[in-house]
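First the structure, in the form of structure tokens, and then the observations on it.
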Amino acid sequence: MAKEKTIDYKSTLNLPKTDLKMKANLNQMEPDILRNWEENDLYKRIRQSSKGKTKFILHDGPPYANGHIHLGHCLNKILKDIIVKSKTMSGMDSYYVPGWDCHGLPIEYQVTKDLGPKKQTKSTYEIRQMCRSYADKFVNIQRDEFKRIGVFGDWEKPYLTMDYGYEATIASELGNVMKSGNFYRGKKPVYWCYHCQTALAEAEVEYEDKLSPSIYVKFPLITEELKKRFPTIERKKVFALIWTTTPWTLPANLALAVNPDFTYVAADFEDGVYILAEELIEKVLGAGTRIIEKFNGKDISGIKFKHPFYDRESIVTEGDFVTLDTGTGIVHIAPGHGQDDYEIGKKYNLDIYAPVDERGEFTKEVEFFSGLFVYDANKNIIEKLKDVENLLKEEQLTHSYPHCWRCKNPIIFRATPQWFISMEENELRSKSLREIDEVKWIPDWGKERIYSMIENRPDWCVSRQRAWGVPIVVFYCKECDYVLEDPELVFHVSEIFNRHGSDAWFNLDVKELMPPDTACPECGNKEFVKETDILDVWFDSGVSFSYVLENNPELNMPADMYLEGSDQHRGWFHSSLLVSVGTRNKAPYNSVLTHGFVVDKEGEKMSKSKGNVIVPSDIIKKYGAEILRLWVSAEDYRGDIRISTEILDRLVESYRKIRNTFRYLIANLNDFDPRKDGIEYNDLEEIDKWILHKLGVSTKKILNAYDQYEFHIVYHELQRFCIVDLSSIYLDSQKDLLYTFYTTSKKRRSSQNAMYVILSSLIKLSAPILTFTSEEVWRYMPGDKEESVHLSAFPDPGDISEEFEEKWSKLLQYRDEILKALEIARNDKFIRSSLEAGVQIYSGDEDKSFILDNLELIRVLSIVSHVEVINKPPTDSDYVLNSSEINGLIVKVKMAPGEKCDRCWTYRASVGKNSTYPTICDRCVANLEERDI
RNA sequence: GGGCCUAUAGCUCAGUAGGUUAGAGCGUACCCCUGAUAAGGGUGAGGUCGGUGGUUCGACUCCACCUAGGCCCA
């Protein structure tokens, strides 16, 4: 009765303790960590500690320096970052040099748009200066945004395609292409504005409705064989019938095109026999028109017709683009005035004929119409067709037609001189295909995709009629128009670019760009003019391997990896391959990894009009960059990857669980110092050896997943391990020991040893993904350690022995069955806490000894106060589980014998036996006295 | 229109070379704990594998077609 006041046993426990906050507050924590990294120059330290190790070079594909980053950028850069970090932690030297693509139309377009009419007052050089500063601004913006999401790299020394040195490289690589003999000048139709007298890019064209003539034109048959093949129409006049809305292109007609797979007919109609697609006959000639013959498109391929008003042949070609939507199924082909027409022209070796000048007027060679403006000429041409009786029908049609973005006039298609890289010369195509085969494509279908693109692509048109880019270094003789296309001259100019940038092309006089006394090899004249075209920006980025990889001894050529979205099979992977094979005879990469695109909840593309756009800054603000990183890791990037608030909310839950697991481990290690309290593996408790074994299994799986670039496996395994193995099994069952055993007791230290290894391993394994949190938690980890988790190496999974698996899966199976039985009792309010229960197990003979041998482990794993084996099945059915999993197993739940210990809450027979501590058990008494029991 | 890709529980993913009642975590429902507490634990309910047809003794897994979505072309 002297002991009336209850002793506060809670204060005698070793409860978890830590300053690490449960709430992450990522939006605040992340910038703090970033600042700290910056102050300590972490990236430089990583570089230093990587010296001499095997290299793994991921070469960055330069994003376009325009606008803020979107989720696609995040996906791309975070994937790269995970790889670079995981390679670094695997003991490799993975130097990452980010880059930006700076030249090109979008920036020029934006700048000139902002200038408006003032554009006229600016020189090319001035416009280029504005473009340069525009790009510079967005490089800085994007750099900060990439750093904010935790991407490591040499942000102080990125490569920009507008660096003087880079521009010089673009020029010199052009020189190399020239040297190889792949560079040539040809003609190709481009969008042309006759009003602005300039070529337009796709993006500078706006589609608007336009009223055009719609005419059906007859091409008289020349080839006699066709008549012979179809004797029934021998005596008739035969025509191919075409339809067009651009009569002005008829003077440039050189061919007709049919679809080889369509059925065509010869139809008897009024004055003659017309050939057209069967399906369109009613639409064009009316119902009831008599069909005389039928044949396939390919049957009339090669047949010759006469031009409707010139004394010239027009041959029938085959084109897959011919459709049955409109017209007659036969398309008039003017290779100088249309994209499809051009392809046909190339394929059939026709002249790329475009007798229209830059003002949109027919040149003097055009009979009947010379000097006429094309749109005015439409009516003259129609008149002419009527005169020669080759016009079947004339109508008017309103249709969507491209217009100039600036002057709003309808554009024309017009072939102009352009520069090309030949696919055939120097066997560029076949060599590229061979190289594709040598590269590892991830996923493997990437190989087939780029292969068929390279296999089928036409020659690469690399000239652009723009200002913001690197000029095509070619000169023209003022006297004789000789094209001075000399690699040595290009290398000379490249040197100038190296010092002054490619602006020099626009600032300096021709003479200053050429070595003194350069003379035309044709006529000896020394006066030249500069080419005004610039290079395609795909050529710019395509030479990055040369400027970045080959120029820096810390990097490697070929790169170990290029990693971009799957659209780059036609973009950067493609152009880099062609330039590298064309000049080096090898691919610039050993492996290429592609990812899909970010789509919404429904798997649909994000767009402003759909209103389903999610921007990174909002995610960072609301959830933190870490959640964005976790998202990248959790999704399988090989297909399209979805994002939604539900997905993000799930990830936040998942993040919390991982963070809390880390926190709990740290909190239980607050009195642990591995330097003093370390225990040899062999001396550890069995359960601790088991959890370390599970850690080894997980580690192996995770490391393998990093190796295979399957980060979603890393995420799932990390999460699973934390939740299942650790939180719900190991940690929950260790609480009793951790809290109630005296601080330095062997069992407690054994557990702490295991937890220490687990914590250290998990932090490291998660570091490439949870870049910030791993660092934050790392600081709380006891013991000797590197200054930053990002300077540490991945853990070694060790030898994984199977000895545990069999025994422990059996133990855990008993645990499962006991938990089910407890649930029956709990739902009936027979027990509440599992410690109130004492469990009786009845089983077959062979299992009986196993259970007896492991009675204490089973008790600990089930977190009950008492477990016993009974020899006969229970007589009553209260709280009895007849196991459906383990044959013959019966589990019965009773109240645990003894009283509840005030200190450890376990029910024990010894409670009340000690006069000094009448309310606690013998185990707790021993622990209070720091004795082992 | 063509090439390539994707389609498994509400969400994110597994499912080895075709073979017993398709797995996991989350979420959810119900319950417990209050010594990880804006935490922790337990039990349960959710898919017939986008659809159709075929091959096979047997298919989520092979073939064909279709649908939806994505990338790149036209």
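Given the structure is predicted, the values throughout are model-derived calculations rather than measurements. Numbered from 1 within each chain, the chains take letters A, B, ... in sequence-line order.
Of the candidates B/rG69, B/rA14, B/rG44, the closest approach to any side-chain atom of A/Lys820 belongs to B/rG44. Distance from the side chain of A/Phe597 is smallest to B/rG70 among B/rU43, B/rG70, B/rA36. Listed candidates were B/rG35, B/rU12, B/rU37. Nearest to the side chain of A/Lys10 is B/rG35. Closest to the side chain of A/His716, from the set B/rC13, B/rU43, B/rC11, is B/rC13. Of the candidate nucleotides B/rG41, B/rG40, B/rC4, B/rC4 has the atom nearest to the side chain of A/Trp445. Out of B/rG70, B/rG40, B/rC32, the shortest distance to the side chain of A/Val599 is found at B/rG70. Here the side chain of A/Ser727 is nearest to one of B/rA36, B/rA24, B/rG42, namely B/rA36. Relative to the side chain of A/Lys829, the nucleotides B/rU43, B/rG70, B/rC31 differ in distance, and B/rC31 lies closest. Among B/rA36, B/rG69, B/rC4, the nucleotide with an atom closest to any side-chain atom of A/Glu604 is B/rG69. Listed candidates were B/rG27, B/rC72, B/rA14. Nearest to the side chain of A/Arg570 is B/rC72.
When the P atom is used for both B/rC71 and B/rG23, the distance is 36 Å, rounded to whole Å. A gap of 50 Å separates the C1' atoms of B/rG54 and B/rC31, to the nearest Å. Atom name P, nucleotides B/rA17 and B/rU61: the rounded distance is 15 Å, in whole Å. A gap of 25 Å separates the P atoms of B/rU52 and B/rG15, to the nearest Å. If you take atom P in B/rA36 and the same atom in B/rG41, they sit 10 Å apart, rounded to whole Å. Here, B/rG58 and B/rG18 have their C1' atoms 8 Å apart, quoted to the whole Å. On the P atoms, B/rU8 is 15 Å away from B/rC62, given to the nearest whole Å. Taking atom P in both B/rG42 and B/rG51, the straight-line distance is 34 Å, to the nearest Å.
Between the CZ atom of A/Phe573 and the P atom of B/rC73 there is a distance of 14 Å, given to the nearest Å. The interatomic distance linking A/Asp341 (CG) with B/rA74 (P) rounds to 14 Å, in whole Å. Taking atom CH2 of residue A/Trp538 and atom C1' of nucleotide B/rC72, one finds them 12 Å apart after rounding to whole Å. With rounding to whole Å, A/Ile702 atom CD1 is found 16 Å from B/rG25 atom P. Distance A/Leu718 CG to B/rC26 P: 14 Å, rounded to the nearest Å. As a whole-Å value, the separation of A/Asp725 CG from B/rG25 P is 10 Å. In this structure, A/Leu861 places its CG atom 15 Å from P of B/rG41, rounding to the nearest Å. At whole-Å resolution of the value, CG in A/Leu75 and P in B/rG70 are 17 Å apart.
Salt bridge A/Glu805/A/Lys694: present, at least one basic N to carboxylate O contact under 4.0 Å. Under 4.0 Å is where a charged nitrogen must lie from a carboxylate oxygen, and between A/Lys605 and A/Asp600 no such pair does. A salt bridge links A/Arg923 with A/Asp736: the distance from a Lys NZ or Arg NE/NH1/NH2 to an Asp or Glu carboxylate oxygen falls below 4.0 Å. Between A/Arg908 and A/Glu899 there is no salt bridge, since no side-chain nitrogen of the basic residue lies less than 4.0 Å from a carboxylate oxygen of the acidic one. Looking at A/Glu635 and A/Arg642, no side-chain N of the basic residue comes within less than 4.0 Å of a carboxylate O on the acidic one, giving no salt bridge.
Of the N and O atoms on the side chains of A/Tyr655 and A/Thr773, at least one donor lies less than 3.5 Å from an acceptor on the other residue. Between the side chains of A/Arg663 and A/Thr18, no donor N or O sits under 3.5 Å from an acceptor N or O. In this structure, a donor-acceptor pair under 3.5 Å is present between the side chains of A/Glu564 and A/Asn76. In this structure, a donor-acceptor pair under 3.5 Å is present between the side chains of A/Ser751 and A/Tyr730. A/Lys347 and A/Thr317 form no side-chain donor-acceptor contact under 3.5 Å, judged by distance and modelled atom types alone.
An OP1 or OP2 oxygen of B/rU12 is reached within less than 4.0 angstrom by no side-chain nitrogen or oxygen of A/Ser654. For A/Arg656, no side-chain nitrogen or oxygen approaches OP1 or OP2 of B/rA36 to under 4.0 Å. Phosphate contact (OP1/OP2 of B/rA24, side-chain N/O of A/Arg720, threshold under 4.0 Å): absent. Checking the phosphate oxygens (OP1, OP2) of B/rC72, no side-chain nitrogen or oxygen of A/His574 falls inside 4.0 Å. In this structure, A/Lys610 does not reach the B/rG69 phosphate: none of its side-chain N or O atoms is under 4.0 Å from OP1 or OP2. The phosphate of B/rG35 (OP1 or OP2) has no side-chain N or O of A/Arg903 nearer than 4.0 angstrom. Residue A/Lys605 has a polar side-chain atom (N or O) positioned under 4.0 Å from OP1 or OP2 of B/rC71.
Contact annotation: side chain of A/Gln719 to base of B/rG25, donor-acceptor pair absent below 3.5 Å. Residue-to-nucleotide contacts include a donor-acceptor pair under 3.5 Å from the side chain of A/Arg449 to the base of B/rC71. Not a single donor-acceptor pair, N or O on each side, falls under 3.5 Å between the base of B/rA36 and the side chain of A/Thr18.
Evaluation of the ring pair (Phe, Tyr, Trp, His ring centres under 6.0 Å) rule for A/Tyr401 yields A/His399 as partners, not counting sequence neighbours.
Using N1 to N3 plus N6-O4 or O6-N4 for Watson-Crick, or N1-O2 and O6-N3 for G-U wobble, each under 3.5 Å, B/rC60 pairs with nothing. Across all strands shown, B/rA36 forms no Watson-Crick or G-U wobble pair with both key distances under 3.5 Å. B/rU20 makes up no base pair with any nucleotide shown, lacking Watson-Crick or G-U wobble contacts both under 3.5 Å. B/rC71 is paired with B/rG3 under the Watson-Crick or G-U wobble criterion, all donor-acceptor distances under 3.5 Å.
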Distances for protein N/O vs nucleotides 7-10 of chain B N/O pairs under 3.5 angstrom?
residue, atom, partner, partner atom, Å
B/rG10, O2', A/Glu646, OE2, 3.4

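B/rG46 takes the syn form, because its glycosidic angle lies no more than 90° either side of 0.
A heavy atom closer than 4.0 Å to some atom of RNA chain B occurs in A/Asp732, A/Lys735, A/Tyr739, these being the qualifying members of residues 729-743 of chain A.
Between A/Tyr264 and A/Ile330 there is a side-chain heavy-atom pair separated by less than 4.5 Å. The shortest distance between side-chain heavy atoms of A/Met781 and A/Leu665 does not fall below 4.5 Å.
Residue contacts for A/Gly603: at a heavy-atom cut-off of 4.0 Å it reaches the sugar-phosphate backbone alone, with no base atom in range.
Taking the six-membered ring for Trp and thresholds of 30 and 60 degrees, A/Phe830 and A/Tyr879 have nearly parallel ring planes, at less than 30 degrees apart.
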